[in-house]
Structures are given as structure tokens and as C-alpha cells.
Amino acid sequence: VQVVESGGGLVQDGGTLRLSCAASGSVVSIDSMGWYRRSPGKKRELVAAISSEGQTYYADSVKGRFTISNFRDNSKITLSLQMNNLRPEDAAMYYCAVSYSDFGVFSKNPGGDDYGHWGQGTQVTVSS
């Protein structure tokens, strides 16, 4: 599977951005997709995830501000992250990740250990 993110950029405190991720290739058996972020000096953290059945998960810090969604067709999944009311602490490199599970488990692993396929990342900068 190939994973490519887009949509990062510079935004002011309180602003809005929408990140997109295109997953192509072996997408039929993908069980979970997630957005992770990492900022300098911090561990990678799970921001939001969505299962193949549409279940969603959000980190407490982004609940009510971020929305994850996806759209599937036969050969591609487009994963989106709508980010509203951005704060300086949201600034980070954001990564899209894909998980396959033998048992269809919805992966919400905080560090991303269950996710085997990653994009190159897209930078989000929030100015105060």
C-alpha cells in the first residue's frame, strides 16, 4: 500500500486546516487508518483513527475540534482530518498510517506500533 499525505501548512491560532491522505494499492483489507503527530522533543501520539466500519477515536486534546473521515472506492481510500480552532500546541508533523489486522481489530495504539504503513508526513505550523 502507498500512503501520501497533503494539506499541511501555516495557520494562525484559531485557524483551520484540512489534511488529506491517499492510500492506494491493497486497500480492501485495511482495518484501521489513523493520523499521528510528532513535535520536536515529544513522542509520536495518536490524534484520531477510524476503523473500516466507521468507528472513530479522538485524543482528548482534539475532541470537538478535529474530525476524521474517509472515503473508499475499489482501489483507493482517501482519509481526511478536518482541524478547526487550531492551537499552537497542535503544531507538529502529521502522519497518516494504515493498519491491517488478522482479526479486524480497530487499532488505537497510542504510539502507532500496530500501524505498519506510513506516509512521509505533512507539517502543520500554528502561529500565535
Side-chain angles (χ1 to χ4, degrees):
V1 64
Q2 293 77 45
V3 181
V4 180
E5 305 99 334
S6 61
L10 172 64
V11 65
Q12 290 187 329
D13 190 354
T16 296
L17 277 176
R18 186 177 181 88
L19 304 184
S20 292
C21 169
S24 59
S26 301
V27 301
V28 172
S29 53
I30 289 175
D31 293 299
S32 308
M33 294 185 72
W35 286 100
Y36 284 79
R37 67 186 181 189
R38 188 167 190 168
S39 50
K42 294 186 177 181
K43 293 182 179 179
R44 184 170 62 193
E45 62 174 348
L46 176 60
V47 177
I50 188 166
S51 74
S52 59
E53 297 182 351
Q55 296 172 273
T56 57
Y57 166 87
Y58 296 94
D60 288 343
S61 60
V62 306
K63 280 181 183 177
R65 300 188 297 122
F66 291 12
T67 303
I68 190 170
S69 61
N70 66 5
F71 175 77
R72 289 179 177 242
D73 63 22
N74 287 338
S75 61
K76 189 173 76 173
I77 299 176
T78 301
L79 182 72
S80 298
L81 185 68
Q82 178 68 38
M83 305 187 294
N84 299 330
N85 192 20
L86 282 160
R87 304 167 180 167
E89 55 264 36
D90 294 318
M93 185 71 80
Y94 283 70
Y95 298 90
C96 176
V98 170
S99 174
Y100 297 88
S101 168
D102 290 339
F103 304 102
V105 174
F106 179 22
S107 178
K108 293 168 278 186
N109 183 270
D113 294 342
D114 294 345
Y115 285 80
H117 303 273
W118 296 80
Q120 80 287 352
T122 185
Q123 182 69 44
V124 171
T125 304
V126 183
S127 63
S128 56

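Just so you know, these numbers use all the heavy atoms, side chains as well, and skip hydrogens, waters and symmetry mates.
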Chemist: Please collect all disulfide bond (SG atoms under 2.5 Å apart) contacts where either partner lies in residues 21-128, sequence neighbours excluded, each pair once.
Modeler: Cys21-Cys96
Chemist: Keeping to residues at least two apart or across chains, list the salt bridge (charged side-chain N to carboxylate O under 4.0 Å, His left out) pairs with something in residues 50-61.
Modeler: Asp60-Lys63
Chemist: Please name all residues satisfying salt bridge (Lys or Arg N to Asp or Glu O under 4.0 Å) with Asp73, sequence neighbours left out, ordered by chain then number.
Modeler: none
Chemist: Would a distance-only check, ignoring hydrogens and angles, find a side-chain to backbone donor-acceptor pair under 3.5 Å from Gln82 to Thr67?
Modeler: no
Chemist: May I ask you to test the Phe66-Asn84 pair for a side-chain heavy-atom distance under 4.5 Å?
Modeler: no
Chemist: Just to verify, what does Ser20 make a side chain to side chain contact (heavy atoms under 4.5 Å, CB included) with, not counting sequence neighbours?
Modeler: Ser6, Ser80
Chemist: Got Leu17 and Val126 here, is their nearest side-chain heavy-atom distance under 4.5 Å?
Modeler: no
Chemist: Under the side chain to side chain contact (heavy atoms under 4.5 Å, CB included) rule, collect the residues that match up with Val4, sequence neighbours excluded.
Modeler: Gln120
Chemist: Please find the pair of heavy atoms, one from Ile30 and one from Ser52, that lie closest to each other, and give the distance.
Modeler: O-CB, 3.5 Å
Chemist: Just wondering, do Leu81 and Arg18 contact through their side chains at under 4.5 Å, heavy atoms?
Modeler: no
Chemist: In chain order, what residues pass the side chain to side chain donor-acceptor pair (under 3.5 Å) check against Thr122, with sequence neighbours excluded?
Modeler: none
Chemist: If you count heavy atoms of other groups shown closer than 6.0 angstrom to CD of Gln123, is the number above 12?
Modeler: yes
Chemist: With sequence neighbours excluded, give me every side-chain hydrogen bond (donor to acceptor under 3.5 Å, both in side chains) pair touching residues 38-49.
Modeler: Arg37-Glu45
Chemist: Can you list everything that forms a ring pair (Phe, Tyr, Trp, His ring centres under 6.0 Å) with Tyr100? Sequence neighbours excluded, please.
Modeler: His117
Chemist: Taking only residues two or more places apart in sequence or in another chain, which ones pass side chain to side chain donor-acceptor pair (under 3.5 Å) with Arg65?
Modeler: Asp90
Chemist: Looking only at heavy atoms, which two atoms of Ala91 and Thr125 are closest? And how far apart?
Modeler: CB-CA, 4.2 Å
Chemist: How is the hydrophobic cluster of Trp118 composed, in terms of its other members, when Ile, Leu, Val, Met, Phe, Trp and Tyr link through side-chain heavy atoms under 4.5 Å apart, directly or indirectly?
Modeler: Tyr36, Leu46, Tyr57, Met93, Tyr95, Phe106, Tyr115
Chemist: Would you call Glu5 and Trp35 a side-chain contact if the rule is heavy atoms closer than 4.5 Å?
Modeler: yes
Chemist: Can you list everything that forms a side chain to side chain contact (heavy atoms under 4.5 Å, CB included) with Thr56? Sequence neighbours excluded, please.
Modeler: Ile50, Tyr58, Ile68
Chemist: Please give me the minimum heavy-atom distance between Ser107 and Asp114, naming the atom from each residue.
Modeler: OG-CB, 3.0 Å
Chemist: For the CG atom of Asn85 and the CG atom of Asp13, what is their distance to the nearest 0.5 Å?
Modeler: 7.5 Å
Chemist: Between atom CE of Met83 and atom CG of Leu19, what is the distance when rounded to the nearest 0.5 Å?
Modeler: 3.5 Å
Chemist: Would you check if Val11 and Ser127 make a side-chain contact, meaning some heavy-atom pair closer than 4.5 Å?
Modeler: no
Chemist: Kindly indicate whether the side chain of Val27, heavy atoms from C-beta on, has any atom under 4.5 Å from the side chain of Arg72.
Modeler: no
Chemist: Identify, with sequence neighbours excluded, every residue that meets side chain to side chain contact (heavy atoms under 4.5 Å, CB included) alongside Pro110.
Modeler: none
